[in-house]
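The structure displayed is predicted, hence computed values, not measured ones.
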Amino acid sequence: MTPEQFGDAVLSWYDRHGRKDLPWQQGITPYRVWVSEIMLQQTQVGTVLGYFDRFMAALPDVQALAAASEDEVLHLWTGLGYYSRARNLHKTANLVVERHGGEFPRDVTALAELPGIGRSTAGAIASLSMGLRAPILDGNVKRVLARYTAQAGYPGEPRVARQLWEVAERYTPMRRVNHYTQAMMDLGATLCTRSKPSCLLCPLRDGCKAHLLGRETAFPEPKPRKALPQKRTLMPLLANEDNAILLYRRPSSGLWGGLWSLPEVDDLGELQPLVERHGLQLEEPHGLPELTHTFSHFQLAIEPWLIRVKSAGHVVAEADWLWYNLASPPRLGLAAPVKTLLKRAAAELIAGETP
């Protein structure tokens with residue numbers, strides 16, 4: 001197919017079968033498209049739907065996001081994972097308000113320089129909400145183009161990524177770029193899926209090299225696998241007389257950056273400095289079921305211990321520590337496994353159930 005034939009086939013398919021009723025496709029603005037694109041990184045559409053609606057209800061525009069506290073943003077993001085995305089949303093909102101008068105720049109290069117956006121997301125914002133001709137190369141589009149061209153190599157390698165960007169640029173049409181961009185994402189999400197592509201329904205099948213070779217699932221080539229290293233930690237849930245759990249805010253950079261979490265120790269004997277800092281008296285520890293959390297680069301085995309504590313005196317709370325009220329939880333950003341452990345603690349402490 002020529003680039004013109006390719007574009008016509010994609011747009012014709014979109015008119016008949018493309019998705020047009022997703023929440024971020026209604027009342028389209030750069031802000032709504034941007035938030036949806038960031039949420040959709042590493043996350044399925046079905047998961048994002050509820051989060052997007054709640055986020056928009058709480059923070060309907062870039063000014064509201066910029067004015068919100070980081071805790072509020074992380075609270076709305078809790079459960080979506082990859083929390084650096086939420087922190088970068090907050091940073092970018094502030095930059096758009098402070099440097100661009102609350103308007104997203106109508107330029108792909110300028111968009112891509114904002115925290116957490118990058119070239120493909122910039123292209124999506126520019127094409128979907130501004131009508132600018134800009135290629136994209138998210139995971140779905142990579143899969144479509146890698147199969148169409150039978151592109152050898154892992155797309156994460158710079159050489160392979162560069163070749164796929166050249167293909168994306170070549171096939172992006174001059175007209176209806178917003179519909180074309182949405183159609184390419186839809187093709188990857190609904191037909192050209194990872195393990196069971198529906199090639200008979202695909203408008204590109206006659207020119208698709210992977211299909212002609214009968215090797216659709218061989219492309220794109222996967223990242224070379226490495227065994228995930230295993231790590232282990234103990235997380236004490238220190239519960240005071242009011243059934244509140246002691247949490248601390250993690251540093252803004254690194255794992256779970258900026259989120260509120262439970263203390264971590266190698267063994268319960270290491271709690272003494274924490275006990276002295278907060279003026280606490282410990283009662284007998286009670287073990288909760290172990291929890292395993294998988295990150296992209298390692299697995300973390302969490303050994304939780306529920307320990308009732310009594311205050312041994314009047315100690316002023318430090319800025320990065322707080323007592324999390326299980327009965328009336330504050331709106332904070334919590335790491336997903338910590339949220340799970342707090343629910344288990346609440347079941348035991350408040351409801352008297354076995355978690």
Side-chain angles (χ1 to χ4, degrees), residues 1-30 32-37 39-41 43-50 52-53 56 120-151 155 164-220:
M1 288 187 186
T2 65
E4 290 76 17
Q5 291 170 327
F6 185 101
D8 288 346
V10 169
L11 287 168
S12 178
W13 177 86
Y14 172 79
D15 289 339
R16 295 193 304 274
H17 307 293
R19 294 183 292 189
K20 305 174 182 71
D21 57 357
L22 295 169
W24 43 91
Q25 295 174 315
Q26 317 309 312
I28 293 175
T29 65
R32 290 173 65 84
V33 170
W34 166 57
V35 172
S36 70
E37 286 297 313
M39 286 187 171
L40 287 165
Q41 293 171 1
T43 311
Q44 296 293 322
V45 168
T47 301
V48 167
L49 291 174
F52 180 82
D53 287 340
M56 286 298 128
S120 184
T121 302
I125 296 168
S127 60
L128 292 173
S129 70
M130 302 174 183
L132 302 178
R133 183 185 181 277
I136 73 162
L137 202 61
D138 71 353
N140 286 320
V141 176
K142 263 181 206 169
R143 190 162 55 252
V144 173
L145 295 181
R147 286 174 176 168
Y148 188 80
T149 59
Q151 173 66 55
L164 286 172
W165 271 112
E166 290 171 359
V167 174
E169 175 67 38
R170 184 161 68 250
Y171 286 112
T172 300
M174 298 299 295
R175 67 186 185 92
R176 296 182 63 190
V177 289
N178 56 335
H179 294 163
Y180 172 85
T181 296
Q182 185 63 55
M184 289 296 288
M185 294 190 289
D186 288 352
L187 278 173
T190 62
L191 296 186
C192 197
T193 56
R194 186 174 285 106
S195 57
K196 295 181 180 179
S198 302
C199 298
L200 292 178
L201 302 176
C202 180
L204 302 174
R205 66 181 180 277
D206 292 342
C208 178
K209 290 185 179 178
H211 179 60
L212 295 173
L213 292 169
R215 301 181 61 226
E216 294 91 350
T217 57
F219 304 95

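Looking at Gln151 and Leu164, their side chains come closer than 4.5 Å, going by heavy atoms from C-beta outward. Side-chain atoms of Trp24 and Met39, non-hydrogen and from C-beta on, never get closer than 4.5 Å to each other. Lys142 places none of its side-chain heavy atoms less than 4.5 Å from the side chain of Pro220. Side-chain atoms of Pro23 and Met56, non-hydrogen and from C-beta on, never get closer than 4.5 Å to each other. Between Gln5 and Asp206 the shortest side-chain heavy-atom distance does not fall below 4.5 Å. By the 4.5 Å heavy-atom criterion applied to side chains, Met185 and Val141 are counted as neighbours. At a threshold of 4.5 Å between non-hydrogen side-chain atoms, the residues Val45 and Arg19 count as touching. Side-chain contact between Arg133 and Glu169 is present, with at least one heavy-atom pair separated by less than 4.5 Å.
Under the 3.5 Å distance criterion, the side-chain polar atoms of Ser36 are matched with a main-chain donor or acceptor of Val33. Remark: side-chain polar atoms of Arg143 are paired, donor with acceptor, to backbone N or O of Gly188 under 3.5 angstrom. Side-chain atoms of Arg32 never come within 3.5 Å of backbone atoms of Thr29 as a donor-acceptor pair (strictly under, hydrogens ignored). Under a 3.5 Å cut-off, the side chain of Ser120 and the backbone N or O of Asp138 do form a donor-acceptor pair. Under the 3.5 Å distance criterion, the side-chain polar atoms of Ser12 are left unmatched by any main-chain donor or acceptor of Asp8. Without hydrogens or angle criteria, Gln26 side chain to Lys20 main chain gives a donor-acceptor distance under 3.5 Å.
The distance from atom NE2 of His179 to atom OG of Ser127, rounded to the nearest 0.5 Å, is 11.0 Å. Here CG of Leu213 is found 8.5 Å from SG of Cys208. Values are rounded to the nearest 0.5 Å. In this structure, the separation between CG on Leu145 and CG on Leu137 is 6.5 Å, given to the nearest 0.5 Å. A distance of 10.0 Å separates CD in Glu4 from OH in Tyr171, rounded to the nearest 0.5 Å. Of the inter-residue distances, the one linking Glu216 atom CD with Ser198 atom OG reads 10.5 Å to the nearest 0.5 angstrom. Put simply, CG on Leu40 and CG on Leu22 are 8.5 Å apart, with the number rounded to the nearest 0.5 Å.
Crowding of Arg170 atom CZ: a count of heavy atoms from other residues, nucleotides or ligands under 6.0 Å exceeding 12.
Of all non-hydrogen atoms in Cys199 and Arg205, the two that sit nearest each other are O-CD, 3.2 Å. Between Trp165 and Pro135 the shortest heavy-atom distance is CZ3-O, 3.7 Å. Between Met1 and Gly207, the shortest heavy-atom contact is CE-N, 4.5 Å. Closest approach of Pro203 to Ala9, counting heavy atoms only: CB-O, 3.7 Å. The two residues Ala146 and Phe219 have their closest heavy-atom pair at O-CB, 3.9 Å.
Shown are Asp186, Leu187, Thr181; of these, the side-chain contact (heavy atoms from CB on, under 4.5 Å) with Met184 is made only by Leu187.
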Worked verdict on Thr190 versus His17 for side-chain contact (heavy atoms from CB on, under 4.5 Å): CA-CA 10 Å; Thr190 62; His17 307 293; over 6 Å; no
**Study point:** Trace of the side-chain contact (heavy atoms from CB on, under 4.5 Å) decision for Ile125 with Thr121
**Key:** CA-CA 6 Å; Ile125 296 168; Thr121 302; 4.1 Å; yes
